[in-house]
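Throughout, a chain's letter reflects where its sequence line sits, starting with A, and its residues are numbered from 1. Everything numeric in this text was worked out from a predicted model, so none of it was measured.
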There are 2 protein chains.
Amino acid sequence: MVDDRFAIWFWQDMPEPLDDVFAALADPTRRAILAMLLEDDMAVTDVAEPFEMSLAAISKHLVILTRAGLISQEKRGRVKWCKLEPDSLRAASVWMQGFGQFEPVNLDAFERFLETELGEDAQPDS
Amino acid sequence: MVDDRFAIWFWQDMPEPLDDVFAALADPTRRAILAMLLEDDMAVTDVAEPFEMSLAAISKHLVILTRAGLISQEKRGRVKWCKLEPDSLRAASVWMQGFGQFEPVNLDAFERFLETELGEDAQPDS
DNA sequence: GGCATATTCAACCAAATGGTTGACGATCGT
DNA sequence: ACGATCGTCAACCATTTGGTTGAATATGCC
């Protein structure tokens, strides 16, 4: 059994991209944006169109989604295209599945698993 | 194809428990708490012990986790026991899998982990 | 060049978040 | 009944968040 201090260190003090991913997902506007991008890549202006808020606000949301790695933005000409990046959802999904599936299981092995799993394709953070 | 306004209504304006779940998961302290509860049910004081913050702060975190449905709290005597409630995590997980083409987590490694973990051989690599 | 379009920047604001401390009501042990 | 323990409440504080507006920076079009 892993002692709590190790667990705290591991789960809390590691440079956690999960903070950004979950924080990004916590906002309904941003989830709606992701849902829209599921259909197709979109320009910033088009992303903003159906919302009742300023373009600048949407632009900020897109920055947050980008920092979380959930989307990428590529500027072509004067329009910036937004593209869903499902890979970073993977880390979060892995983390969550850990809780869904193994209630009573060995945390040590789970930690080792996560370590290798999340370390594998560590994103070249912006 | 669903038009965007419907999508916005659906994803953004529904009474979304996902807001609370993801917001709860966005904090590393709260994720650490969940990880601890993965091992066993715990009293509030024991949850707080390994952290370098006040009991009141942990108590607040537990309220947030409870509101999100991620844990439940039952008071027995003077101690309040905290229990992981993986079901609401599953809801969030389902949402992410709704992003779907990206597979319910295409985790070969996860499968292998499950096998070794749930099987007899609990030492996958030395 | 000159104008429209696309996007971000900067300053500002209100509200929410995450923490503190100290007081407080319950409950246990003796 | 008394004191210690468990946990929350209330007030406070600093920082972050999510939004606004108006100006600024590209870029495309004629």
Side-chain angles (χ1 to χ4, degrees), chain A residues 4 8 11-13 16-34 36-37 40-68 70-83 126, chain B residues 4 8 11-13 15-34 36-37 40-68 70-83:
Chain A
D4 283 343
I8 300 312
W11 292 92
Q12 182 178 250
D13 295 337
E16 279 282 17
L18 286 181
D19 283 30
D20 291 336
V21 174
F22 283 128
L25 294 177
D27 185 280
T29 298
R30 287 190 293 263
R31 288 200 307 277
I33 290 173
L34 291 178
M36 291 166 61
L37 292 178
D40 210 347
D41 298 359
M42 295 178 79
V44 172
T45 304
D46 296 329
V47 169
E49 191 273 335
F51 292 93
E52 286 173 345
M53 73 180 69
S54 70
L55 182 60
I58 296 294
S59 180
K60 283 192 193 176
H61 280 303
L62 292 172
V63 167
I64 291 171
L65 288 169
T66 302
R67 261 208 343 248
L70 291 167
I71 68 172
S72 60
Q73 291 183 288
E74 182 201 354
K75 192 171 174 182
R76 255 192 340 260
R78 65 178 161 177
V79 5
K80 206 167 187 178
W81 292 91
C82 304
K83 181 172 172 301
S126 65
Chain B
D4 284 343
I8 301 312
W11 291 92
Q12 181 179 250
D13 295 337
E16 281 281 18
L18 286 181
D19 283 30
D20 290 335
V21 174
F22 284 128
L25 295 178
D27 186 281
T29 300
R30 288 191 292 264
R31 288 200 306 277
I33 291 174
L34 292 178
M36 290 167 61
L37 293 178
D40 210 348
D41 297 359
M42 295 178 80
V44 172
T45 304
D46 296 329
V47 170
E49 191 273 335
F51 293 93
E52 286 173 344
M53 74 181 71
S54 69
L55 181 61
I58 296 293
S59 179
K60 284 191 193 176
H61 281 302
L62 292 172
V63 167
I64 290 171
L65 288 169
T66 302
R67 260 207 347 246
L70 291 167
I71 68 171
S72 60
Q73 292 183 287
E74 182 200 356
K75 192 171 175 183
R76 252 189 345 256
R78 67 178 161 179
V79 1
K80 205 167 186 177
W81 292 91
C82 305
K83 181 172 172 301

Would A:Phe51 and A:Met36 satisfy side-chain contact (heavy atoms from CB on, under 4.5 Å), going step by step from the backbone distance to the final call?
CA-CA 12 Å; A:Phe51 292 93; A:Met36 291 166 61; 3.7 Å; yes
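The shortest distance between side-chain heavy atoms of A:Met53 and A:Thr29 falls below 4.5 Å.
Remark: A:Thr66 pairs with A:Ile71, A:Gln73 by the side-chain contact (heavy atoms from CB on, under 4.5 Å) rule, at least two apart or across chains. Listed by chain and residue number, nothing satisfies the side-chain hydrogen bond (donor to acceptor under 3.5 Å, both in side chains) test with B:Glu52 (two or more places apart in sequence, or in another chain). Judged as a salt bridge (Lys or Arg N to Asp or Glu O under 4.0 Å), and not counting sequence neighbours, B:Lys75 has no contacts. With sequence neighbours excluded, no residue satisfies side-chain contact (heavy atoms from CB on, under 4.5 Å) with A:Lys60. In this view, B:Thr45 satisfies the side-chain hydrogen bond (donor to acceptor under 3.5 Å, both in side chains) rule with no residue, not counting sequence neighbours. Taking the side-chain contact (heavy atoms from CB on, under 4.5 Å) definition, one finds that A:Ala48 meets it with A:Leu55, A:Ile58, sequence neighbours left out. B:Val79 meets the side-chain contact (heavy atoms from CB on, under 4.5 Å) test with B:Ala43, B:Trp81; sequence neighbours excluded. Residues meeting the side-chain hydrogen bond (donor to acceptor under 3.5 Å, both in side chains) test with B:Ser54, sequence neighbours left out: none.
Pairing each heavy atom of A:Ala24 with each of A:Ala68, the nearest pair is CB-CB, 3.8 Å.
Taking atom CH2 of residue A:Trp81 and atom C1' of nucleotide C:dA6, one finds them 12 Å apart after rounding to whole Å. In this structure, CD of A:Gln73 is placed 9 Å from P of C:dT7, rounded to the nearest angstrom. Between A:Leu65 atom CG and C:dT8 atom P the separation is 12 Å, expressed in whole Å. In this structure, B:Phe51 atom CZ and C:dG19 atom P are separated by 10 Å, rounded to whole Å. Atoms CD (A:Glu52) and P (D:dG18) sit 18 Å apart, rounded to a whole Å. As rounded to whole Å, 18 Å separates atom C1' of D:dT8 from atom CD of B:Glu74. Residue B:Glu49 contributes atom CD, which lies 16 Å from atom C1' of D:dG7 at whole-angstrom precision. Distance A:Asp19 CG to D:dT15 C1': 15 Å, rounded to the nearest Å.
When the nucleotides D:dC6, C:dT8, C:dG19 are ranked by their closest atom to the side chain of A:Lys80, C:dT8 comes out on top.
Taking five base pairs at each end of the helix from C:dG1-D:dC30 to C:dT30-D:dA1, the local helix axes there meet at an angle of 30°, rounded to 10°.
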Every protein N/O within reach of nucleotides 12-18 of chain C N/O, cut-off under 3.5 Å:
{"unit_1": "C:dG18", "atom_1": "OP1", "unit_2": "B:Arg30", "atom_2": "NH2", "d": "3.3"}
{"unit_1": "C:dG18", "atom_1": "OP2", "unit_2": "B:Arg30", "atom_2": "NH1", "d": "3.2"}

Just the atom pairs and distances: protein N or O near nucleotides 22-29 of chain D's N or O, under 3.5 Å.
{"unit_1": "D:dT27", "atom_1": "O3'", "unit_2": "A:Arg78", "atom_2": "N", "d": "3.3"}
{"unit_1": "D:dG28", "atom_1": "O4'", "unit_2": "A:Arg78", "atom_2": "NE", "d": "3.4"}

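An OP1 or OP2 oxygen of C:dT20 is reached within less than 4.0 angstrom by a side-chain nitrogen or oxygen of B:Ser54. Remark: B:Ser59 is not in phosphate contact with D:dG7, judged by side-chain N or O atoms under 4.0 Å from OP1 or OP2.
Remark: side-chain polar atoms of B:Arg30 are not paired, donor with acceptor, to backbone N or O of B:Leu25 under 3.5 angstrom.
The residue among A:Ala57 and B:Ile58 whose nearest nucleotide of DNA chain D lies closer to the 5′ end is B:Ile58.
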